[in-house]
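As structure tokens, the structure follows; a few thoughts come after it.
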Amino acid sequence: MTEIVSGADIISDVISAVHGSAMVITDSNVARLYPQLTENAFVIPAGERSKNKDVLFDILSEMSHRNVRRGDAVTAVGGGVVGDITGLAAALYMRGIDFINVPTTLLSMVDSGIGGKTAVNHCGIKNLIGAFKPPLRTVISYAFLETLDDREWLCGTGELIKTCLLTENAFERLNLKLDGLIKHDRNDVYDLIETCIDIKSRVVRADPTELRLRKILNVGHTVAHALESINGDKFTHGEYVLKGMLTECAMFKDMIDPEYYARMIGIFKMFTDPPRTSSKFVCDVAAHDKKNVDNDIRLMIPTNKGEVSEISVTNDAFISRYESALKELKRV
Ligand code: GLY
């Protein structure tokens with residue numbers, strides 16, 4: 001099980017994670033912002049485009065050149081892309097070595113840095129090649145938030161809001177701290193990150209390989225992944241998650257408690273607009289989603305505070321609900 005250390009003042013834990021490992025992997029943004037911390041790191045180009053097999057094999061080759069041994073650990077210092085690809089390299093190298101994750105973005109602090117999903121994209125499909133490889137340690141230092149730009153804040157906000165839909169307490173906390181989240185008030189944001197770390201680590205502890213409970217973390221993600229596959233880096237992953245949650249909730253409005261629906265839609269609309277991608281394109285991609293087990297499309301819908309239901313629809317029903325949702329969202 002992963003040991004998670006988090007806080008605003010844990011620089012010594014970050015330094016030990018870096019110095020205690022055989023190789024540090026980071027990206028060009030983090031290397032520019034934190035040159036001392038990443039002095040001897042292997043640097044990959046920043047962005048989703050690095051999440052591919054070639055960069056994965058570059059990391060594996062570098063591990064071999066640096067003589068990384070089976071008993072060693074490697075450390076990822078970066079956002080979701082760095083964590084995902086380093087984790088997968090650690091899972092593959094010599095059939096598996098330890099890895100330590102130091103998430104530097106809001107998104108990786110609340111979501112991808114916890115739970116051991118590692119992957120690269122392939123054949124145009126997000127996270128097609130991957131493994132469950134929980135980090136030995138995740139060190140979440142809020143100090144990294146100081147250098148995030150607005151786009152990265154919005155990106156992390158998408159996954160943070162998603163996690164706060166998973167329990168009644170977290171949803172009420174989100175409502176209390178929404179203003180602080182919008183203004184990036186440090187205390188409110190730290191409190192919400194702690195809430196997300198707690199929820200996500202409990203979910204992955206109960207179901208590490210997504211056989212049952214962990215599926216609730218896919219709220220908004222069926223539409224989000226389809227939009228992301230179609231539109232690429234026009235938006236960040238978290239922005240697609242916001243659009244996905246907005247659209248999926250409107251698609252299944254009839255299954256959601258009315259008061260809860262109004263509150264959720266109000267929150268999503270503070271951060272995003274409905275998608276503009278046509279129903280046919282979204283449906284074609286959603287029909288190939290990894291979450292589907294038969295010919296139907298599966299979605300995780302938050303139906304009431306702290307309640308998420310798995311819903312399965314045919315392609316025709318998906319298209320008709322998606323089109324009605326876009327009309328509904330023009331009205332509200
Ligand atoms: N990001 C969803 C999960 O970790 O399961």
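In listed order, ligands and their atoms are each counted from 1. FYI, side chains are in, hydrogens and waters are out, and symmetry mates aren't considered; it's all heavy atoms of this structure.
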For atom 1 (N) of ligand 1, what's the nearest protein heavy atom and its distance? Asp111 OD2, 3.0 Å
Which word best sums up how the rings of Tyr34 and Phe144 line up, parallel for under 30°, tilted for 30 to 60°, or perpendicular for over 60°? perpendicular
Looking at Leu217, which atoms of ligand 1 are within less than 4.0 Å of one of its heavy atoms? 2 (C), 3 (C), 5 (O)
Heavy-atom donor-acceptor pair, Thr303 side chain to Ile256 backbone, under 3.5 Å: no
Are the aromatic ring centres of His221 and His237 under 6.0 angstrom apart? yes
Val204, portion touching ligand 1 at heavy-atom distance under 4.0 Å: neither
Is the shortest N/O to N/O distance between Lys117 and ligand 1 below 3.5 Å? yes
Can you label the angle between the Phe318 ring and the Tyr322 ring as parallel, tilted or perpendicular, going by 30° and 60°? parallel
What protein heavy atom sits nearest atom 5 (O) of ligand 1, and how far off is it? Arg214 NE, 2.8 Å
Are Lys133 and Phe99 in a cation-pi contact, defined as NZ or CZ under 6.0 Å from the six-membered ring centre and within 45° of the axis? no
The answer for which part of Lys200 has a heavy atom under 4.0 Å from ligand 1 is side chain
